[in-house]
Amino acid sequence: MLLYHASKHLIAQAHFRTIPRRLLSMSLTSPEAFSVEKHVAIAAVRRACLVTCTVFNQLVRDRTDTLKKEDDSPVTVGDYAAQAVINTVLRNAFPEDPIVGEEGADALRQGSNTKLRERVVSLATNALREDLIDGEKAQWGLGSQHEHSSEALLKAIDEGNDTGGPNKRMWTVDPIDGTKGFLRGGQYAVCLSLIVNSQVVLGVIGCPNIQIHPENPDEEKGCIFVAVRGQGAFQITLSGTSAIKLPFFSSEKSYVLQSEESKHTNIPLIRRVSDELHLTEWGMDSQAKYCCLARGEGAVYLRMPASTIGGKQPYEERIWDHAPGSILVEEAGGKITDSEGAPLQFGLGRGMGENHGFVATVDEELHARVISAIKRAQLAEDPKKTNPAL
């Protein structure tokens with residue numbers, strides 16, 4: 001299998017333990033760079049997708065009282081269990097690498113949350129103990145021979161507490177990106193990236209509800225999207241087969257992909273940009289938008305800061321919100337910057353600094369046109385923003 005084939009000299013268990021330091025000195029774009037990391041990340045995301053699908057089937061689709069945002073809601077169960085799975089795999093494969101994630105396990109340790117903790121432990125354990133498939137290694141904590149205690153899984157969740165920053169090698173984890181999409185059976189994503197010295201070098205995004213091919217909506221669903229710096233971007237199935245290089249599809253319409261949630265983005269401004277450039281709006285949850293853009297279903301992805309009230313600062317985007325999707329777009333031949341055309345910052349900590357919005361396009365020429373259209377739309381929205389003298 002294309003994405004799972006690894007050189008024999010990388011298979012020894014002892015070598016997995018020393019990979020992180022060796023790769024810090026390896027060229028970031030050499031053909032063998034991050035080969036093991038890629039396979040580990042695919043395995044971690046695939047297993048986490050097993051968790052999220054199970055949570056939806058057992059706790060969301062079959063029950064009506066689980067759509068409430070309560071401590072034991074299926075979203076919380078899925079977030080915790082998926083992060084436990086991913087962090088367990090990362091910790092076994094790369095014990096020295098810090099992880100930047102959303103969740104901590106303090107609440108799960110409380111006596112009042114025993115039922116929630118048991119659910120999380122059961123879900124994570126079942127996913128980790130699934131039989132190995134090609135490309136997966138028992139050394140990563142996978143397979144039926146491994147036992148995973150409750151405390152070990154809680155510690156794995158806590159591994160995601162790193163503060164981020166420059167001049168380091170670190171992973172970012174977003175176990176369920178797109179909460180509302182997940183709840184309604186729409187699009188959501190399991191997102192993982194590797195950042196070295198503030199540069200994203202690897203991104204893996206699992207999308208259980210995306211069709212394998214856009215033209216066949218009745219076909220089997222479930223894809224994993226993979227990109228390594230300098231090595232291109234690919235789509236595989238959730239079972240790890242059928243690798244397709246991105247982009248592979250050409251849409252009849254030019255879509256601008258945007259968030260479904262108005263509180264997450266400035267929809268009126270995006271509408272002005274879309275009208276000027278004759279783009280059709282397409283609302284979607286999660287980093288699945290980046291995946292659709294990378295494989296050719298859309299032309300533009302826009303996320304602009306939503307309007308705030310009372311001088312409140314816009315939401316500071318987190319590095320896990322965009323790191324995996326950004327490298328996927330770039331390795332598929334696209335371009336991504338903030339709305340002012342500046343590179344994205346992944347070395348500032350857990351956040352990405354002042355939020356100017358995000359612009360991703362399928363090519364550079366279109367990117368320049370979108371940036372110009374945004375400036376004109378901002379001027380129309382509020383002339384004082386672009387010309388303080390008014």
Side-chain angles (χ1 to χ4, degrees), residues 3 28-29 34 38 41 45 172 174 177-178 187 189-196 198-207 210 214 223-236 243-251 254-259 264-265 270 273 277 279 281-304 317-346 352 355-371 374:
L3 288 178
L28 298 186
T29 57
F34 308 107
K38 176 178 68 177
V45 168
T172 73
D174 193 347
D177 181 35
Q187 296 306 331
V190 177
C191 305
L192 180 61
S193 77
L194 177 63
I195 298 174
V196 177
S198 305
Q199 183 183 44
V200 186
V201 297
L202 167 66
V204 177
I205 302 177
C207 298
I210 278 187
C223 301
I224 297 176
F225 298 85
V226 185
V228 181
R229 180 69 58 190
Q231 299 179 33
F234 296 84
Q235 172 189 300
I236 60 177
I244 305 173
K245 186 174 176 59
L246 305 180
F248 68 84
F249 183 75
S250 180
S251 175
S254 294
Y255 288 103
V256 55
L257 294 149
Q258 64 183 48
S259 175
H264 292 165
T265 193
I270 291 175
V273 173
L277 299 179
L279 300 170
E281 295 176 62
W282 184 5
M284 184 184 299
D285 293 292
S286 83
Q287 289 187 62
K289 294 186 287 292
Y290 282 125
C291 301
C292 289
L293 181 68
R295 71 180 186 176
E297 288 184 85
V300 180
Y301 162 65
L302 284 181
R303 185 177 177 96
M304 300 298 298
E317 301 277 348
R318 305 301 183 180
I319 57 176
W320 56 75
D321 292 326
H322 299 281
S326 68
I327 188 172
L328 188 70
V329 169
E330 289 175 334
E331 288 300 313
K335 182 173 182 178
I336 182 168
T337 67
D338 70 14
S339 67
E340 298 180 351
L344 303 185
Q345 300 294 319
F346 293 105
M352 298 183 66
N355 186 356
H356 295 292
F358 299 83
V359 180
T361 60
V362 292
D363 60 58
E364 193 155 345
E365 185 275 334
L366 177 58
H367 193 275
R369 291 168 54 205
V370 173
I371 295 292
I374 288 173

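Bear in mind that the values here come from a model prediction, so they are computed numbers and not experimental data. We're numbering straight along the sequence, starting at 1.
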Query - From SG (C292) to CD (Q187), nearest 0.5 Å - result: 6.5 Å
Query - Separation between CG of L194 and NZ of K38, rounded to the nearest 0.5 Å - result: 13.5 Å
Query raised in the report: How many angstroms lie between atom OG of S326 and atom CD1 of I195, to the nearest 0.5 angstrom?
Result: 8.0 Å
Query raised in the report: Below 4.5 Å, heavy atoms only, C-beta onward: do D338 and L344 meet side chain to side chain?
Result: yes
Report task. Keeping the roles fixed (side chain from D177, backbone from Q287), state whether a donor-acceptor pair exists under 3.5 Å. Result -> yes
Query - Main-chain N/O of E364 paired with K335 side-chain donor or acceptor, under 3.5 Å - result: no
Requested in this report: Identify, with sequence neighbours excluded, every residue that meets salt bridge (charged side-chain N to carboxylate O under 4.0 Å, His left out) alongside D321.
Outcome: none
Query raised in the report: Is the closest side-chain heavy-atom distance between L293 and K289 below 4.5 Å?
Result: no
Report task. Output the distance between atom CG (L328) and atom OG (S193), rounded to the nearest 0.5 Å. Result -> 12.0 Å
Requested in this report: Measure the acute angle between the ring planes of H322 and F358, then classify it against the limits of 30° and 60° as parallel, tilted or perpendicular.
Outcome: parallel
Report task. Using modelled atom types only, decide if a donor and an acceptor are shared between the side chain of T265 and the backbone of R303 within a distance under 3.5 Å. Result -> no
Query raised in the report: Heavy-atom distance under 4.5 Å between the side chains of Q258 and Y301, does that happen here?
Result: no
Query raised in the report: Does any N or O in the side chain of Q235 come within less than 3.5 Å of the main-chain N or O of K245, such that one atom is a donor and the other an acceptor?
Result: no
Report task. Considering non-hydrogen atoms only, spot the tightest contact between I270 and L302 and give its length. Result -> CD1-O, 3.7 Å
Query raised in the report: Is there a side-chain contact between T172 and F346, using heavy atoms and a 4.5 Å cut-off?
Result: no
Report summary line: R318 and M352 have their tightest heavy-atom pair at O-SD, 3.6 Å
Query raised in the report: About how many Å separate SG of C291 and CD of E297, when rounded to the nearest 0.5 Å?
Result: 10.0 Å
